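Notes for the one structure printed next.
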Amino acid sequence: QVQLVESGGGSVQAGGSLRLSCAAALRPFSDYAMGWFRQSLGKEREFVAAISYTGALSNYTDPVKGRFTISRDNAKNTVYLQMDNLQPEDTATYYCAAQLGSYYRIYNYDVKYWGQGTQVTVSS
């Protein structure tokens with residue numbers, strides 16, 4: 001059974017924006033910390049952002065700070081990644097992630113569920 005389904009990927013020019021969504025079939029969704037990772041061709045999967053189960057706390061990898069915003073709507077069982085001022089180096093497949101408990105578990109790559117990924121391509 002698929003637990004996480006991402007959407008919202010696409011192709012944009014540098015400086016553009018995209019918003020990724022991840023719909024979760026996790027119950028109760030509010031028990032799960034959520035996050036986003038990305039993997040570009042030939043590279044290892046890397047942490048992007050994570051958010052606590054209440055949505056009150058979040059953290060980001062340094063390259064995206066000030067440009068990306070993670071948020072969640074527990075009523076809709078969905079987590080979002082708003083990506084602004086996208087750059088070619090942001091090109092990657094983006095994966096949604098979920099884990100019970102602290103969002104620091106996701107930051108430390110301790111993930112219980114992965115989505116299938118959505119492609120983001122940024123051209124210069």
Side-chain angles (χ1 to χ4, degrees):
Q1 183 180 0
V2 177
Q3 304 287 353
L4 303 174
V5 179
E6 301 98 333
S7 61
S11 297
V12 296
Q13 291 190 328
S17 297
L18 284 173
R19 188 176 83 154
L20 305 183
S21 299
C22 173
L26 302 171
R27 298 294 184 271
F29 178 67
S30 57
D31 279 2
Y32 288 83
M34 301 296 295
W36 291 93
F37 289 74
R38 65 186 180 186
Q39 188 169 18
S40 53
L41 201 61
K43 296 186 178 181
E44 294 186 352
R45 192 171 296 190
E46 65 172 349
F47 169 80
V48 175
I51 190 167
S52 64
Y53 52 86
T54 64
L57 302 172
S58 60
N59 63 349
Y60 300 86
T61 187
D62 285 346
V64 309
K65 285 181 179 177
R67 300 188 298 122
F68 291 12
T69 304
I70 188 171
S71 62
R72 64 189 295 160
D73 185 337
N74 285 350
K76 295 183 178 179
N77 290 2
T78 301
V79 62
Y80 305 97
L81 186 67
Q82 176 67 40
M83 305 185 293
D84 297 319
N85 191 22
L86 283 160
Q87 299 300 315
E89 53 266 34
D90 296 316
T91 294
T93 299
Y94 283 72
Y95 296 89
C96 182
Q99 178 60 281
L100 291 166
S102 171
Y103 69 108
Y104 270 102
R105 297 184 71 181
I106 293 180
Y107 174 76
N108 288 312
Y109 291 69
D110 179 6
V111 173
K112 186 175 180 66
Y113 298 107
W114 292 100
Q116 83 287 353
T118 186
Q119 178 65 35
V120 171
T121 303
V122 185
S123 58
S124 58

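Treat the numbers as computed from the prediction; the structure is a model and nothing was measured. Numbering of residues begins at 1 and proceeds along the displayed sequence.
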Full working for side chain to side chain contact (heavy atoms under 4.5 Å, CB included) between M83 and V122:
CA-CA 11 Å; M83 305 185 293; V122 185; over 6 Å; no
To which residues is Y80 joined in a hydrophobic cluster, defined by side-chain heavy-atom contacts under 4.5 Å among Ile, Leu, Val, Met, Phe, Trp and Tyr, whether direct or through other members?
none
Would you name the heavy atoms of [X] and [Y] that are closest together and state the gap between them?
X: S17; Y: D84; answer: OG-OD1, 2.8 Å
X: S123; Y: P88; answer: C-CG, 4.4 Å
X: M34; Y: C22; answer: CE-SG, 4.4 Å
X: Y32; Y: K112; answer: CE2-CD, 4.5 Å
X: K65; Y: Y60; answer: CE-O, 3.2 Å
X: C96; Y: L4; answer: O-CD1, 3.8 Å

Greater than 12 external heavy atoms within 6.0 Å of Y109's OH
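Buried by this count: over 12 neighbours within 6.0 Å.
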Do [X] and [Y] share a hydrophobic cluster (ILVMFWY, side-chain heavy atoms under 4.5 Å, transitive)?
X: I70; Y: V120; result: yes
X: Y94; Y: I51; result: yes
X: Y107; Y: Y113; result: no
X: I106; Y: F29; result: no
X: V79; Y: Y103; result: no

Which of parallel (below 30°), tilted (30 to 60°) and perpendicular (above 60°) describes W114 and Y95?
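Judged by the thresholds at 30° and 60°, the geometry between W114 and Y95 is perpendicular.
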Please collect all salt bridge (Lys or Arg N to Asp or Glu O under 4.0 Å) contacts where either partner lies in residues 19-36, sequence neighbours excluded, each pair once.
none
[atom1]/[X] to [atom2]/[Y] distance, rounded to the nearest 0.5 angstrom?
X: E89; Y: S40; atom1: CD; atom2: OG; result: 10.5 Å
X: Q82; Y: S21; atom1: CD; atom2: OG; result: 9.5 Å
X: E44; Y: Q39; atom1: CD; atom2: CD; result: 8.0 Å
X: R38; Y: L81; atom1: CZ; atom2: CG; result: 9.5 Å

Checking D110 against Q99 for the side chain to side chain contact (heavy atoms under 4.5 Å, CB included) test, could you report, in this order, the C-alpha distance in whole Å, the side-chain angles of both residues, the deciding distance, and whether it holds?
CA-CA 7 Å; D110 179 6; Q99 178 60 281; 3.0 Å; yes
Take N59 and Y104 through the test side chain to side chain contact (heavy atoms under 4.5 Å, CB included) and record every step on the way to the result.
CA-CA 9 Å; N59 63 349; Y104 270 102; 4.0 Å; yes
Within the side chain of R72, is there an N or O that forms a donor-acceptor pair under 3.5 Å with the backbone of G55?
no
Let's go through L86 and F68 carefully: what are the C-alpha distance in whole Å and the side-chain angles of both, what is the deciding distance for side chain to side chain contact (heavy atoms under 4.5 Å, CB included) to 0.1 Å, and is it a yes or a no?
CA-CA 9 Å; L86 283 160; F68 291 12; 3.8 Å; yes
Are F47 and F37, when compared by the centres of their aromatic rings, separated by less than 6.0 Å?
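That pair passes the under 6.0 Å test.
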